[in-house]
Asks: 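First, the structure itself, so that you have it in front of you.
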Amino acid sequence: MKPLIVANWKMNPQSLTEAKQLFNSLKKGIKNVKNVEVVICPPFLYLSQLQTTNYKPHLGAQDVFWEEKGAFTGEISPKMLKDSGCKYVIIGHSERRRYLKETDEMINKKLKVTLKRKLSPILCIGETRKERGQGKTQTILKNQLKKALSKISAFNIQNSKLAIAYEPVWAIGTGKACSPREAKKSLDVIKKVISKIYDKKLAKTIKILYGGSVNGKNAASYIFEANFQGLLVGGASLDPREFVILVKAVSRS
Ligand code: 13P
């Protein structure tokens, strides 16, 4: 399975000029990289301004609304994303769960419309520091997955290529990445839950990504030691040099 590396720029950079510069440096750096699929998720405003060549890289959004059109001030529909050249969309990021009070039910609705419109969702799940301390990681992951995937058919998942990102909240932006060994335990739980909701065959086709303080040095270990099929990268994706090193490390291994 081709590893999927997703760059989540979050609310950066602050101008279109900088966004174009960053995007073009990344594009140039990964031009000859093989065997890795790279997705860049800039803020909505920059999407239609960034030109990809032969989907290298792909474009993705950081969020989407669950309705298709109408009176929903400030929201962005799946069709608008497709029209701006997006193939992927991040759903349920922990920062949205935390700052915008996104619930599992909202995430479920967003997943449904995204799959219906044939965008590929990257569903984010993960436990907080407190939950980890209380030994609740497995339960949290199970609950988040079950609720997010409620009443979604195997057919829709396969058709639109759902990916799941395991992002322990305590590892995001802290420089303290989850060790590949610990992350592998969560990966196994995720696979098990998917096999239970659907079946083993489907579980094998879903890419599971790791995210949380990934950098050029530790990237390859999640793919090669822990068997993740991709990475969701925040901070390191804003530094073209670091990000290109990271992508190359995964493509080599
Ligand atoms: P960092 O790579 O900055 O820890 O962010 C991870 C993340 O939240 C990606 O979605």
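Order of listing sets the numbers, starting from 1, for every ligand and every atom in it. Owing to the predicted nature of the structure, the values given are computational and were not obtained by experimental measurement.
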Asks: Under 4.0 Å from a heavy atom of G234: which atoms of ligand 1 are those, numbered in the order shown and with their elements?
Replies: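 Answer for ligand 1: 1 (P), 2 (O), 3 (O), 5 (O), 6 (C), 9 (C).
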Asks: Dump the intermediate steps for side-chain contact (heavy atoms from CB on, under 4.5 Å) on R132 and E182, then the final yes or no.
Replies: CA-CA 11 Å; R132 177 181 180 236; E182 186 176 339; 2.8 Å; yes
Asks: Does an N or O anywhere in I172 fall below 3.5 Å from an N or O of ligand 1?
Replies: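 For ligand 1, there is no N or O atom that lies under 3.5 Å from one belonging to I172.
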Asks: I'd like to check which ligand 1 atoms, numbered from 1 as shown, lie under 4.0 Å from a non-hydrogen atom of G173.
Replies: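 With G173 as reference, the close atoms of ligand 1 come out as 1 (P), 3 (O), 4 (O).
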Asks: Show which atoms of ligand 1 fall inside a sub-4.0 Å distance from at least one heavy-atom site of N8.
Replies: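 So the atoms of ligand 1 that pass are 9 (C), 10 (O).
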Asks: A236 near ligand 1, heavy-atom distance under 4.0 Å?
Replies: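 It does not, in that no heavy atom of A236 comes within the 4.0 Å cut-off of ligand 1.
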Asks: If you compare all heavy atoms of E67 against all heavy atoms of S77, which two are closest, and at what distance to 0.1 Å?
Replies: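 Heavy atoms of E67 and S77 come nearest at O-CB, 4.1 Å.
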Asks: For atom 10 (O) of ligand 1, what is the closest protein heavy atom, and at what distance to 0.1 Å?
Replies: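 Nearest protein contact, heavy atoms only, for atom 10 (O) of ligand 1 is H93 NE2, 2.9 Å.
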Asks: Among K146, K110, K109, R97, whose salt bridge (charged side-chain N to carboxylate O under 4.0 Å, His left out) with D104 holds?
Replies: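 Looking at K146, K110, K109, R97, the match for D104 under the salt bridge (charged side-chain N to carboxylate O under 4.0 Å, His left out) is R97.
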Asks: Are any of the N/O atoms in K10 less than 3.5 Å from those in ligand 1?
Replies: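 Yes; at least one N/O pair falls below 3.5 Å.
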Asks: G235 heavy atoms, cut-off 4.0 Å: which ligand 1 atoms fall inside?
Replies: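 Counting atoms of ligand 1 from 1, those under 4.0 Å from G235 are 1 (P), 2 (O), 3 (O).
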Asks: Counting neighbours of NZ on K112 that are heavy atoms of other residues, nucleotides or ligands and sit closer than 6.0 Å, is the number greater than 12?
Replies: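 Counting neighbours around NZ of K112, more than 12 heavy atoms of other residues, nucleotides or ligands fall under 6.0 Å, so yes.
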Asks: Y166: what forms a ring pair (Phe, Tyr, Trp, His ring centres under 6.0 Å) with it, not counting sequence neighbours?
Replies: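 In terms of ring pair (Phe, Tyr, Trp, His ring centres under 6.0 Å), with neighbours along the sequence ignored, Y166 is linked to no residue.
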Asks: Which residue pairs pass the ring-ring contact (aromatic ring centres under 6.0 Å, His included) test with at least one member in residues 22-49, sequence neighbours excluded?
Replies: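 Not a single pair qualifies under ring-ring contact (aromatic ring centres under 6.0 Å, His included).
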Asks: In this structure, which one of V6, V233, L231, I5 forms a side-chain contact (heavy atoms from CB on, under 4.5 Å) with L209?
Replies: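 Output: one option passes, namely V6.
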Asks: What protein heavy atom sits nearest atom 9 (C) of ligand 1, and how far off is it?
Replies: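 Going by distance alone, atom 9 (C) of ligand 1 is nearest to E167 OE2, 2.9 Å.
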Asks: Give a yes/no on ligand 1: does S213 have at least one heavy atom closer than 4.0 angstrom to it?
Replies: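 Yes, S213 has heavy atoms under 4.0 Å from ligand 1.
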